[in-house]
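Attaching a single structure in structure tokens format; questions to follow.
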Amino acid sequence: MLRHIARRLGSLHGQQIFNGLKGISPDQLLSKEIHRHLQSSLETISPISTTSLWPFSSQPRDFSQPNSSWSPEMRKVYDDYIGLCDTDSENGEKQKGPWRKLPSYNRSIKYATAGIHLSKLIQAKARLFTRNVKDQGATFEYVVFVNKEEKRCVCVFQAGHLLEGAPGHVHGGAIATIIDTVTGTLAGFLSGPIMTANLNIDYRSPMPLGSVVLIHSALDRIERKKTYITCKVTSTDESKLYTEATALFVSIGVGHLFGSRN
Ligand SMILES: CCCCCCCCCCCCCC(=O)SCCNC(=O)CCNC(=O)[C@H](O)C(C)(C)COP(=O)(O)OP(=O)(O)OC[C@H]1O[C@@H](n2cnc3c(N)ncnc32)[C@H](O)[C@@H]1OP(=O)(O)O
């Protein structure tokens, strides 16, 4: 399988990759190539680049675009952050903003390949946990904005009715899921391919179903392969604290997911 994917990546990038293949195992090649794609795809603000050389790829859908299930509060916070992202000025020049909106796909591997459908080769029916319910607004509606300079991100999250735990309130596991996703996205953005090694959560106040909350995540520190992230979940006006968390992500080579250690 790894050889097959490496060949696919090779055909994407032609001679350069084939030269790079000499003396490098498919594991190592994938690891480097996917890391490079991960960084470059995350550097790209929505919409994702359409310049893929892969003949069968299509534009991957960004699931964090506004939809009719978004409450006015969710839409307002989204618009406020969009206003802080890069904009086109009247004379057509790009003006840099401190924030950028990250796209959100329904397979994590699409981040690594900028939408190339390698995901069809690996568990074609698999879907990202947070994006596997088609009914808009029923589970996780969220959008992540990242501030590269400040090494932090903010997720605007609207918790749907299928996430119930305590009556009328969001399940602790669902809160853990979205925290893992947001802190993991920041860690991946900063450090490349990672996996969650540790997640500590303090639930401070119950979160009503339908709430719109902000998930603030920031880099604490990076030590060798370890990326430490802090996280705080608040109301949109930040007056109410719902949850606090810390997370540790460990950098992996792609071979790690196929049982080899690199
Ligand atoms: C931008 C993002 C794009 C992607 C977006 C997609 C959206 C979705 C995002 C979704 C995100 C969701 C993501 C998910 O949900 S990932 C799914 C949940 N996580 C897992 O299944 C991970 C399972 N565990 C493992 O695979 C390995 O144990 C890992 C990879 C974690 C470590 O591997 P390994 O064991 O081989 O590591 P090492 O020996 O090289 O050690 C390296 C260093 O790490 C330290 N260490 C290790 N473990 C721990 C620990 N538990 N506490 C404290 N420290 C720990 C260790 O002491 C050493 O430190 P030092 O000696 O250097 O000081």
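Both counts, for ligands and for their atoms, begin at 1 and track the order of listing.
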For this session: Could you check which of R107, E223, R224 puts a non-hydrogen atom nearest to atom 62 (O) of ligand 1?
Result: R224
Exercise. What atoms of ligand 1 come within less than 4.0 Å of a heavy atom belonging to I252?
Worked result: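 Numbered from 1, ligand 1 contributes 30 (C).
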Seminar exercise, completed: Counting heavy atoms under 4.0 Å, the part of L102 that contacts ligand 1 is neither
Exercise. Hey, are the side chains of R152 and W99 touching, using non-hydrogen atoms and a 4.5 Å cut-off?
Worked result: yes
Exercise. At a 4.0 Å threshold, what atoms of ligand 1 neighbour a non-hydrogen atom of G188?
Worked result: 1 (C), 2 (C)
Problem set entry | Any N/O pair D180/ligand 1 closer than 3.5 Å | yes
For this session: Search all heavy atoms of Y142 against all heavy atoms of C155 and return the closest pair with its distance.
Result: CB-SG, 3.7 Å
Exercise. Between T181 and T130, do the side chains contain an N or O donor and an N or O acceptor separated by less than 3.5 Å?
Worked result: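 No, T130 and T181 have no side-chain donor paired with an acceptor closer than 3.5 Å.
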Exercise. Between the candidates R131, K225, M195, which shows the shortest non-hydrogen contact distance to atom 40 (O) of ligand 1?
Worked result: K225
For this session: Identify, by atom number and element, the atoms of ligand 1 in contact range of K226, meaning under 4.0 Å from any of its heavy atoms.
Result: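 Here the atoms of ligand 1 in question are 43 (C), 44 (O), 45 (C), 59 (O), 60 (P), 62 (O), 63 (O).
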Problem set entry | Numbered atoms and elements of ligand 1 in range of A197, under 4.0 angstrom, heavy atoms | 31 (C), 48 (N), 49 (C), 50 (C), 51 (N)
For this session: May I ask which of V250, T177, L257 has a heavy atom nearer to atom 37 (O) of ligand 1 than the others do?
Result: V250
Exercise. By side-chain hydrogen bond (donor to acceptor under 3.5 Å, both in side chains), which residues pair with E223, not counting sequence neighbours?
Worked result: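 With neighbours one apart ignored, the set is R221.
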For this session: Looking only at non-hydrogen atoms, find the nearest pair between G210 and Q158 and report the distance.
Result: O-CG, 4.2 Å
Exercise. With sequence neighbours left out, what residues match R131 under salt bridge (charged side-chain N to carboxylate O under 4.0 Å, His left out)?
Worked result: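 Salt bridge (charged side-chain N to carboxylate O under 4.0 Å, His left out) check on R131 returns nothing, list empty.
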Exercise. Taking side chain as C-beta onward, heavy atoms only, is T234 less than 4.5 Å from H216?
Worked result: yes
Problem set entry | Contact atoms of ligand 1, heavy-atom distance to F189 under 4.0 Å |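 Within the 4.0 Å cut-off of F189, ligand 1 contributes 1 (C).
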For this session: Report the residue from D80, D62, D86 that forms a salt bridge (charged side-chain N to carboxylate O under 4.0 Å, His left out) with K101.
Result: D62
Problem set entry | Proximity of I194 to ligand 1 by residue part, where a heavy atom lies under 4.0 Å |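 Within the 4.0 Å criterion, I194 makes no contact with ligand 1.
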Exercise. Out of L199, V146, T196, whose heavy atom sits nearest atom 19 (N) of ligand 1?
Worked result: T196
Exercise. Under 4.5 Å between any side-chain heavy atoms of R107 and R127, yes or no?
Worked result: yes
Problem set entry | Ligand-side contact atoms (ligand 1) for residue partner L248, heavy atom cut-off under 4.0 Å | 52 (N), 53 (C), 54 (N), 55 (C)
For this session: Provide the number and element of each atom of ligand 1 under 4.0 Å from a heavy atom of H256.
Result: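 Listed by number with element: 25 (C), 26 (O), 27 (C), 30 (C).
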